[in-house]
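Step one of this worksheet: look at the structure below.
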Number of protein chains: 2
Amino acid sequence: MVMRGFAARSHYLRNGGRQITALHVPGDFVDLHAYLLKVMDHGVAAINSCEVGFTSYDSIRRATEQSPHLGRLFWLSTVIDGAVQRAWITCMGRLSTKQRIAHFLCELYLRLEAAGIASDNRYALPLTQTQLGDLLGLSVVHINRKLQELRSTRLVDWKGGMVFINDFDALAELAEFDPTYLSLRIEPR
Amino acid sequence: MVMRGFAARSHYLRNGGRQITALHVPGDFVDLHAYLLKVMDHGVAAINSCEVGFTSYDSIRRATEQSPHLGRLFWLSTVIDGAVQRAWITCMGRLSTKQRIAHFLCELYLRLEAAGIASDNRYALPLTQTQLGDLLGLSVVHINRKLQELRSTRLVDWKGGMVFINDFDALAELAEFDPTYLSLRIEPR
DNA sequence: CGTGTAGTTGATAGTGCTCAATTTTAGTGG
DNA sequence: CCACTAAAATTGAGCACTATCAACTACACG
């Protein structure tokens, strides 16, 4: 489990290309999948300096057997990861570059807010533009240009590793972002 | 659970666009996610004429509580779905159109073979090119053209709703397809 | 002050989309 | 068995989007 910092799950390709398939933030159980999938075909790496916690598979097994409720929570955690991945698939397949970036920034804000490490429409985002490209399936150059366009709308800013969302609702509207898939408790914003 | 036929999980966008985020084939538990996620933000629809089985959430809950092993199998099922989605993300982000199509055809062959409804490198694929486009995040026209190029390589054919894989290994090589993520039993091919 | 990484820019070549038309296929009823 | 119809597949043309390559700038660090 990630306690502090960001971690990325990624695939590497023959030509040196890379695709990040999941971004894990503090509070995320990173490798519950691996508890069930004996063979993993990809790697998880820290994005920045991370603090992580470990548990033995044995203790997870015992916990799930002794407490079905806890078992369901673990299961739920992986199911939500799946919902996030489906949202990413839709982003990558059908949204414009600007929408993809906006969608990602919206998603991450809500996830970090839920984790208690973001508020006031701002958060630290320790990614390089190259990493954002690997995450969204785009080249750095293109990310850079579309990011400039996005900044010029004044809806959002990202500099010095900090994201400032000036108008969350408008940004979400732009990205067709619907937070339902994150399964967060619905609270008045 | 799908007993016969294909079903697709998809998101719809404002502009009428559609993205298929998962394709379910016979033997797939389609809505285990929904057992845990009380709110779903997308739909599941039959692709062709389907035969489906139903179970109550109650009986799933009872089964998982009485038999942790069965519970782990259900969980595993959703985790494998997640692995497939991650593979799709990589496809959509970093593979060429021809590779994406080839990757999809390879994946589906192995899944159908495991379900016992495909063998001899051939299977029935009841999708239109439009649906394949919605699945891979591409336009019909583009799908059509790249499909022709793929056919011209003689590695694979697809006509009359039947796919014929003439050289699975070469097709997999082209698509950088590694079946690990499907978590199928490894059998000599 | 040198060094390396990240960010930015311009130019060019692919890649993929849209629109619109045409051909083929499958299914229907006579 | 044939005519009719709707859906699916195919084609061409033009344009928009995105990648690549190659510089160049900004910034942090020792």
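Keep in mind it's a predicted model, so treat the numbers as computed, not measured. What's counted below: heavy atoms across the whole structure, side chains too, no hydrogens, waters or symmetry copies. Protein chains get the first letters and strands the later ones, always in sequence-line order, with residue 1 at the start of each.
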Q | Leu13(B) with Leu136(A), same ILVMFWY side-chain cluster at under 4.5 Å | A | no
(Q) Any base atoms under 4.0 Å from Arg100(B), or only sugar-phosphate, or nothing? Heavy atoms, all strands. (A) nothing
(Q) I need the residues from residues 132-147 of chain B with at least one non-hydrogen atom less than 4.0 Å from DNA chain D; give them sorted by number, or say none. (A) Val141(B), Asn144(B), Arg145(B)
Just by distance, with hydrogens left out, do [X] and [Y] show a side-chain donor and acceptor under 3.5 Å apart?
{"X": "His11(A)", "Y": "Arg18(A)", "value": "no"}
{"X": "Tyr12(B)", "Y": "Gln19(B)", "value": "no"}
{"X": "Thr180(B)", "Y": "Asp178(B)", "value": "yes"}

**Q.** Range on DNA chain C touched by chain A, heavy atoms, distance below 4.0 Å
**A.** dA6(C) to dA11(C)
Q: Could you state the atom-to-atom distance from CD of Gln129(B) to P of dT11(D) in whole Å?
A: 10 Å
Q) In whole angstrom, what separates Ile101(B)'s CD1 from dA9(D)'s C1'? A) 14 Å
**Q.** Greater than 12 external heavy atoms within 6.0 Å of Lys38(A)'s NZ
**A.** yes
Q) Counting only heavy atoms not in Arg154(A), do more than 12 sit closer than 6.0 Å to its CZ atom? A) no
Q: Respond yes when some side-chain nitrogen or oxygen of Ser96(A) is under 4.0 Å from OP1 or OP2 of dC17(D), and no when none is.
A: no
Q) Does Arg94(B) place a side-chain N or O at less than 4.0 Å from the phosphate oxygens OP1/OP2 of dT18(D)? A) no
Q. Between Tyr57(B) and Tyr35(B), how do the two ring planes meet: parallel, tilted or perpendicular, split at 30° and 60°?
A. tilted
Q: Work out which heavy atom in His24(A) is nearest to a heavy atom in Val2(A); give both atom names and the distance.
A: CB-CG2, 4.2 Å
